[in-house]
Amino acid sequence: MKKKLSYIGYLLAYGFWFVMSLLPLKVLYIFSDLLCLLIADVIRYRHQVIWKNLKSSFPEKSDEELKKIERGFYHYFCDYLVETIKLMTMSKEELCKRMTFTGLEEFNQAISEGQSMAVYLGHLGNWEWITAMPYWAPGALCCQLYHPLENEYFDKLFKYVRERQGALCIPMQESLRKIIQFEREGKPLVVGYIADQVPMWWNMHHWLNFLNHDTPVLTGAERIVKHTKQAFVYGDVTRVSRGHYNCEMKVIHRDTKVIRDFEITDIYFQELEKTIRRQPELYLWSHNRWKRTREEFNERFEVVNGKVVPKKKK
């Protein structure tokens with residue numbers, strides 16, 4: 001019965017998403033403006049989390065400046081939702097007009113030489129539109145790591161939308177095996193890593209300063225990149241205007257095998273912070289990014305032979 005209800009929910013969601021995606025973006029942006037009024041002024045969606053994140057990330061800014069950023073975030077977030085809806089039926093021509101990539105000379109040169117590229121991104125701008133990458137990286141197999149949804153039908157729906165432009169979705173738990181498999185087939189890869197999520201306690205192996213916070217960070221992507229000798233690239237995303245984004249491909253290290261541990265992760269967060277400070281309203285402030293602290297980690301866990309394990313009760 002539960003599976004049938006999930007399937008019915010999937011069909012309804014697919015139908016609604018498909019019909020809405022047929023509307024022009026200028027019409028969808030009207031819905032976005034109305035939705036913004038609802039979630040910002042009526043519901044005040046995750047206001048406490050957003051305000052706490054902004055206040056602690058930018059202690060040098062006044063409340064008026066922070067309120068302006070918060071309002072800008074709500075507008076951007078609603079735009080992101082309708083832009084993602086549009087992705088279901090958006091044509092190649094429209095997507096390539098609205099999601100552009102620059103800095104491709106060195107990037108595509110490395111691909112032509114047979115090297116795979118690791119593109120680090122954040123939850124900033126419209127990361128769903130980055131799936132336009134196959135049109136800008138000829139000769140490469142583009143893919144992205146993702147966490148499968150628990151509901152198999154909705155996972156299938158989101159996977160369909162994300163793969164429409166030719167970029168494959170690789171489940172996180174299969175990432176290294178799949179990447180090695182694809183590389184053995186002789187085709188260079190462009191792999192997208194969105195690596196600014198909150199790690200689980202047992203994955204906390206590195207801390208750094210990010211936006212004025214002592215921050216635990218994921219390092220699994222770095223281990224994959226170094227193991228497979230992918231070049232390290234930072235995707236610097238800018239919103240040029242409403243509905244138009246650019247991603248500058250900054251090739252930072254091509255020989256990642258020889259650089260020190262955590263250097264890729266450190267540089268990534270330094271670059272991401274620069275991007276956020278340039279257009280702060282485009283970051284996902286509604287995410288409770290700093291809910292896990294070093295103090296709690298030290299109280300509850302310890303590292304034994306390189307693994308994080310719960311402390312034994314005395």
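Counted by atom type alone, Tyr283 and Ser57 present zero donor-acceptor pairs between their side chains at under 3.5 Å. For the 3.5 Å distance criterion, the side chains of Ser62 and Glu64 fail to qualify, holding no donor opposite an acceptor. Checking His206 against Asp261 by side-chain atom types alone, no donor-acceptor pair falls below 3.5 Å. The closest side-chain donor-acceptor pair between Glu113 and Gln109 falls under 3.5 angstrom. For Arg162 and Gln144, the side-chain atoms include no donor-acceptor pair closer than 3.5 Å. Of the N and O atoms on the side chains of Ser116 and Glu183, at least one donor lies less than 3.5 Å from an acceptor on the other residue.
Taking all atoms of both residues into account, the shortest heavy-atom contact from Val119 to Phe107 is CG2-CE1, 3.9 Å. Here the closest heavy-atom approach between residue Pro199 and residue Arg292 is recorded as O-NH1, 3.0 Å. When all heavy atoms of Trp51 and Glu70 are compared, the closest pair comes out as CE3-OE1, 3.9 Å.
Under a 3.5 Å cut-off, the side chain of Thr256 and the backbone N or O of Gln230 do form a donor-acceptor pair. Under a 3.5 Å cut-off, the side chain of Asp196 and the backbone N or O of Gly122 do not form any donor-acceptor pair. In this structure, the side chain of Glu222 engages the main chain of Phe262 through a donor-acceptor pair within 3.5 Å. The backbone N or O of Cys169 sits nowhere less than 3.5 Å from a side-chain atom of Lys178 that would complete a donor-acceptor pair.
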With ring-ring contact (aromatic ring centres under 6.0 Å, His included) as the test, would you mind laying out the steps for Tyr120 and Tyr193 before giving the verdict? CA-CA 5 Å; Tyr120 273 69; Tyr193 300 90; 5.7 Å; yes
Could you go step by step and tell me if Thr131 and Arg164 meet the side-chain hydrogen bond (donor to acceptor under 3.5 Å, both in side chains) rule? CA-CA 8 Å; Thr131 54; Arg164 274 193 70 240; over 6 Å; no
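Arg277 is listed as a side-chain neighbour of Phe58, based on a closest heavy-atom distance under 4.5 Å.
Figure legend: Arg98 and Trp129 shown without cation-pi pairing, the cationic atom not lying both under 6.0 angstrom from the six-membered ring centre and within 45 degrees of its axis.
Asp79 pairs by the side-chain contact (heavy atoms from CB on, under 4.5 Å) definition with Tyr29, Ser32, Glu83, Arg239, Arg242, not counting sequence neighbours.
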